[in-house]
Amino acid sequence: MSPKEADAIKQKAEEAKMEALRRKQAKMKAMEAHLEAHVGSNGLHINSLPRAIFVRIFSYLSKPALLKKAGLVCKYWNELCFDPALWRRINLEDYKNVMDSDLIKMTAISDNVVSVILTDCRKLTDDGIVTMAKQCSNLLELRIIRCTQLKGQSFVAVGDNCPKLTSLNISGCPGLYSPHLWKIVKGCPRLTHLRLNACSNICNEALIAVGKHCPKLVLLTCQDNTNVTDGCMEQLIAGCPKIQTLCVHATGVSSCGVHEIAKLSQLRSLDLSYLRTVTTEAIKTVVHRCEHMLTLNLCLCSQVNDDCVAYIAKNGKKLKNLFLVSCNVSDEALICVGKYTKTIVRVDVGWCRQITDHGAREISKFRPQLLYLGLARCNQVKTETLEELKQKFPTIHYSTSIDD
């Protein structure tokens with residue numbers, strides 16, 4: 001290609017660029033003219049609305065919509081879209097392609113960002129999170145869920161720059177290791193809610209750090225972390241006596257750890273599901289000592305039997321929700337719940353193959369206050385029986401779907 005031809009191509013590209021810019025400017029002028037034309041009979045323009053009302057309306061738009069749509073209508077709307085009040089809470093859980101530059105720009109608009117939610121933002125790197133943490137020193141809530149490119153720098157930056165954090169969810173982040181969590185909890189002593197689900201590289205050391213530095217904690221979930229075992233339970237429970245909600249689903253916790261959990265006098269909700277080695281004695285200890293328990297999840301705990309359920313029904317003084325999916329229980333368990341409890345309103349015995357029509361009928365008869373009975377894959381419960389029960393006890397929801 002000759003220099004002359006190259007210059008011609010370059011000139012055409014410049015002309016096309018200028019033409020696109022002219023069209024964009026013309027479109028903007030047309031939109032502004034359209035707004036000017038739509039003046040009410042009283043002579044008021046839409047832009048005459050009080051600023052506070054505009055900001056309130058814009059608060060219902062997503063953050064990308066503010067920047068890429070509303071902000072392009074006119075200069076005034078563009079100014080409104082950058083009102084700091086609109087950027088105190090930034091939710092990007094439905095925007096998986098968000099880049100570091102987007103996050104940095106959004107968190108720089110307000111100097112009082114209190115909430116940032118990032119879910120499945122797999123293009124984010126340490127650069128974006130580190131800068132965000134430095135810009136958001138007043139952050140109270142942070143969710144970084146399944147952001148798989150993040151490494152240690154991101155988590156260390158949160159610990160170094162966000163001392164006011166009270167709620168943190170960093171589930172599904174393989175780049176999180178125990179030393180990083182140490183840094184976070186040491187720098188964020190106000191934490192009350194902490195979710196660490198499916199963080200495969202954290203171990204007992206991390207939970208010991210939580211016990212040491214988070215005395216205000218009321219919620220902790222660390223499901224699907226097989227490296228979390230009984231070894232951290234004593235120090236965790238001693239350091240966080242205010243825990244009300246605890247989930248150790250599919251961890252390495254056994255009966256010994258459950259006995260430590262039983263020391264949580266304020267416990268309201270406990271998830272022990274998929275802990276196959278936990279004994280009925282350990283479960284009974286929890287029920288006996290945790291008098292304020294409202295929800296108990298024992299799904300896939302293979303040692304749970306009719307006798308254990310009878311004990312729970314008799315001694316769970318405030319228990320409302322009992323989940324027993326795939327446990328070793330029969331109709332006798334449902335009969336005991338029906339006869340002995342005065343508080344339970346939701347029971348799930350899905351996949352318990354010994355459950356029959358008799359059990360479903362008896363619990364309904366003895367406990368008409370029941371709101372939910374889960375019977376998914378209980379093949380011995382006939383469809384005709386369920387239809388009969390639905391007619392007789394319309395306030396009870398009989399579920400045969402695993403989606404419920």
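Since the structure is predicted, the reported quantities are computational estimates derived from the model, not experimental observations.
Under 3.5 Å, the side chains of Ser167 and Glu141 contain no donor-acceptor pair of N or O atoms. Counting only N and O atoms by type, the side chains of Asp127 and Gln153 include no donor and acceptor under 3.5 Å apart. No side-chain donor-acceptor contact under 3.5 Å links Thr277 and Ser254. Of the N and O atoms on the side chains of Lys318 and His292, at least one donor lies less than 3.5 Å from an acceptor on the other residue. Side-chain N/O atoms of Asn225 and Thr251 include no donor and acceptor closer than 3.5 Å.
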Using side-chain hydrogen bond (donor to acceptor under 3.5 Å, both in side chains), reason through Gln135 and Asn161 one step at a time and then give a plain yes or no.
CA-CA 8 Å; Gln135 293 177 163; Asn161 298 283; over 6 Å; no
May I have the step-by-step check of salt bridge (charged side-chain N to carboxylate O under 4.0 Å, His left out) for Lys284 and Asp307, ending in yes or no?
CA-CA 10 Å; Lys284 290 177 182 179; Asp307 175 69; 2.8 Å; yes
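Applying the salt bridge (Lys or Arg N to Asp or Glu O under 4.0 Å) test to Arg361 and every residue at least two apart in sequence or in another chain returns Glu388.
Here the side chains of Gln354 and Val329 are not in contact, with every heavy-atom distance at 4.5 Å or above. Residues Leu92 and Met106 meet the side-chain proximity criterion, which asks for heavy atoms closer than 4.5 Å. In this structure, Glu362 and Lys365 have side chains that are in contact, with non-hydrogen atoms separated by less than 4.5 Å. Counting heavy atoms from C-beta outward, Cys336 and Glu332 have side chains that approach closer than 4.5 Å. Using a 4.5 Å heavy-atom threshold, the side chains of Lys164 and Arg190 count as touching. Two residues are said to be in side-chain contact when any heavy atoms from C-beta on lie closer than 4.5 Å; Ile144 and Leu142 meet this criterion. Side-chain contact between Ile170 and Leu196: present, with at least one pair of heavy atoms (C-beta onward) separated by less than 4.5 Å. Side chains of Lys183 and His180 form no contact here, defined as non-hydrogen atoms less than 4.5 Å apart.
Residue Phe58 forms a ring-ring contact (aromatic ring centres under 6.0 Å, His included) with just one option from Trp77, Phe82, Tyr76, and that option is Trp77. Shown are Asp230, Thr279, Thr280; of these, the side chain to side chain donor-acceptor pair (under 3.5 Å) with Ser255 is made only by Thr279.
Comment: Glu15 does not engage Lys12 in a salt bridge, judged by the lack of any side-chain N to carboxylate O separation of less than 4.0 angstrom.
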Let me have the donor-acceptor pairs involving side chains of residues 242-250, under 3.5 Å, with sequence neighbours excluded, atom names and distances please.
| unit_1 | atom_1 | unit_2 | atom_2 | d |
| --- | --- | --- | --- | --- |
| His249 | ND1 | Ser273 | O | 3.3 |
| His249 | ND1 | Ser273 | OG | 2.7 |

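A distance of 6.5 Å separates OG1 of Thr221 from CG of Asn169, quoted to the nearest 0.5 Å. To the nearest 0.5 angstrom, Cys121 atom SG is 9.5 Å from Glu93 atom CD. Atom OG1 of residue Thr356 and atom CG of residue Leu375 lie 10.5 Å apart, to the nearest 0.5 angstrom. The line from CD1 of Ile90 to OG of Ser62 is 12.0 Å long, rounded to the nearest 0.5 Å. Distance check: Leu67 CG to Asn78 CG gives 8.5 Å after rounding to the nearest 0.5 Å. Rounded to the nearest 0.5 Å, atoms CG (Asp100) and NZ (Lys123) are 11.5 Å apart.
Using modelled atom types, one side-chain atom of Trp87 and one backbone atom of Cys81 make a donor-acceptor pair closer than 3.5 Å. Proximity of a side-chain donor or acceptor of Asn204 to a complementary backbone N or O of Thr229 within less than 3.5 Å is detected. For the pair Gln149 (side chain) and Arg122 (backbone), a donor-acceptor distance under 3.5 Å is present.
Between Trp182 and His213, the two ring planes are perpendicular [angle over 60°; tilted spans 30° to 60°].
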